[in-house]
Amino acid sequence: MNNIYLIGFMGAGKTAVSKALKKKIGWKLEDTDDMIVKRVGMSIPEIFEQKGEDYFRKVEREVVASLTKEKNVIVSCGGGVATFEANREEIKKGGTVIFLSATAKTILSRVKRNNRRPLLEGKKTEKDIQNFLDERMPSYEKARDYTIAVDGKTLDEIAEEILCHIDL
Ligand code: S3P
């Protein structure tokens, strides 16, 4: 209802920012990826590999919808959440949607050292990330109420900027 949804590309800092927000306002924190992992009982790479992306997206849709009627929850959304119309409708109903926008360069620096993101395996150049980002940008823009550019800012600064848009 009055939740705060953080959306944006993988590596934009949604998880870290959601924790910084929680410290400031004490709301409950949910992470759609964590909820999926818990429900399915497998890691994200295992779900993609053994069950496929469509299955992942189905569970993702269920967990997103399960949060809509909740109150005072900070929701860190997986990078693909806002790319689906059904999810966009749910998060818009559920509260304020904040798009954390980062450059491909910043994203690459954050995602290059881990292999927890199946969609980025073999695609870790700045150009690959830029193309993927360009593809998703219209969805993020459709979903968001506010955009916060995160490059070069501290978590505290980003959290404060978000809170300027939230009626507590
Ligand atoms: C995805 C982003 C990931 C995770 C999955 C798919 C995406 O979450 O949900 O690997 O489609 O962008 P993060 O944005 O938290 O990395």
Side-chain angles (χ1 to χ4, degrees), residues 3-22 28-68 73-91 94 97-144 146-151 153 155 158-159 162:
N3 299 333
I4 302 173
Y5 293 89
L6 301 181
I7 63 164
F9 202 80
M10 295 169 264
K14 293 161 296 194
T15 304
V17 171
S18 66
K19 288 180 183 160
L21 270 178
K22 181 182 167 60
K28 189 173 161 197
L29 176 57
E30 294 283 12
D31 179 303
T32 60
D33 285 341
D34 291 348
M35 291 172 80
I36 296 166
V37 166
K38 222 190 225 167
R39 273 199 190 198
V40 181
M42 292 181 186
S43 69
I44 305 271
E46 281 168 351
I47 299 171
F48 270 74
E49 201 184 297
Q50 296 174 34
K51 303 240 172 205
E53 181 173 351
D54 286 352
Y55 177 81
F56 174 84
R57 297 302 176 193
K58 177 178 142 308
V59 182
E60 186 175 61
R61 212 157 38 242
E62 288 166 7
V63 306
V64 168
S66 76
L67 294 165
T68 309
V73 185
I74 301 160
V75 186
S76 176
C77 296
V81 165
T83 66
F84 295 91
E85 175 64 28
N87 293 336
R88 288 198 293 270
E89 280 175 17
E90 289 296 329
I91 64 180
V97 183
I98 307 284
F99 169 37
L100 299 183
S101 169
T103 59
K105 192 171 176 205
T106 297
I107 289 168
L108 180 61
S109 71
R110 294 187 185 157
V111 300
K112 69 179 170 207
R113 273 182 306 276
N114 75 63
N115 54 5
R116 283 180 284 114
R117 296 181 172 98
L119 296 180
L120 292 181
E121 284 316 298
K123 291 190 191 152
K124 287 189 186 149
T125 67
E126 199 172 320
K127 191 159 186 296
D128 288 331
I129 306 256
Q130 188 62 57
N131 288 342
F132 204 175
L133 202 49
D134 290 346
E135 198 181 291
R136 285 182 161 188
M137 197 54 90
S139 296
Y140 293 141
E141 287 180 342
K142 257 191 259 173
R144 64 115 170 91
Y146 303 102
T147 301
I148 312 256
V150 300
D151 301 85
K153 291 180 189 159
L155 291 174
I158 299 165
I162 293 172

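Both ligands and their constituent atoms are indexed starting at 1 by order of listing.
Aromatic ring orientation, F56 versus F48: tilted (interplanar angle from 30° to 60°).
Considering only heavy atoms from C-beta on, I44 comes within 4.5 Å of V37 through its side chain. Counting only heavy atoms from C-beta outward, the side chains of E53 and L119 approach each other to under 4.5 Å. Proximity of V75 to I91: side-chain heavy atoms (C-beta onward) are nowhere separated by under 4.5 Å.
D134 and Q130 share a donor-acceptor pair across their side chains, judged by distance under 3.5 Å alone.
Nearest heavy atoms, A159 versus L21: O-CD2, 3.9 Å.
Annotation: ligand 1 has protein neighbours M10, K14, D33, I44, F56, R57, G78, G79, G80, R117, P118, L119, R136, each with a heavy atom less than 4.0 angstrom from the ligand.
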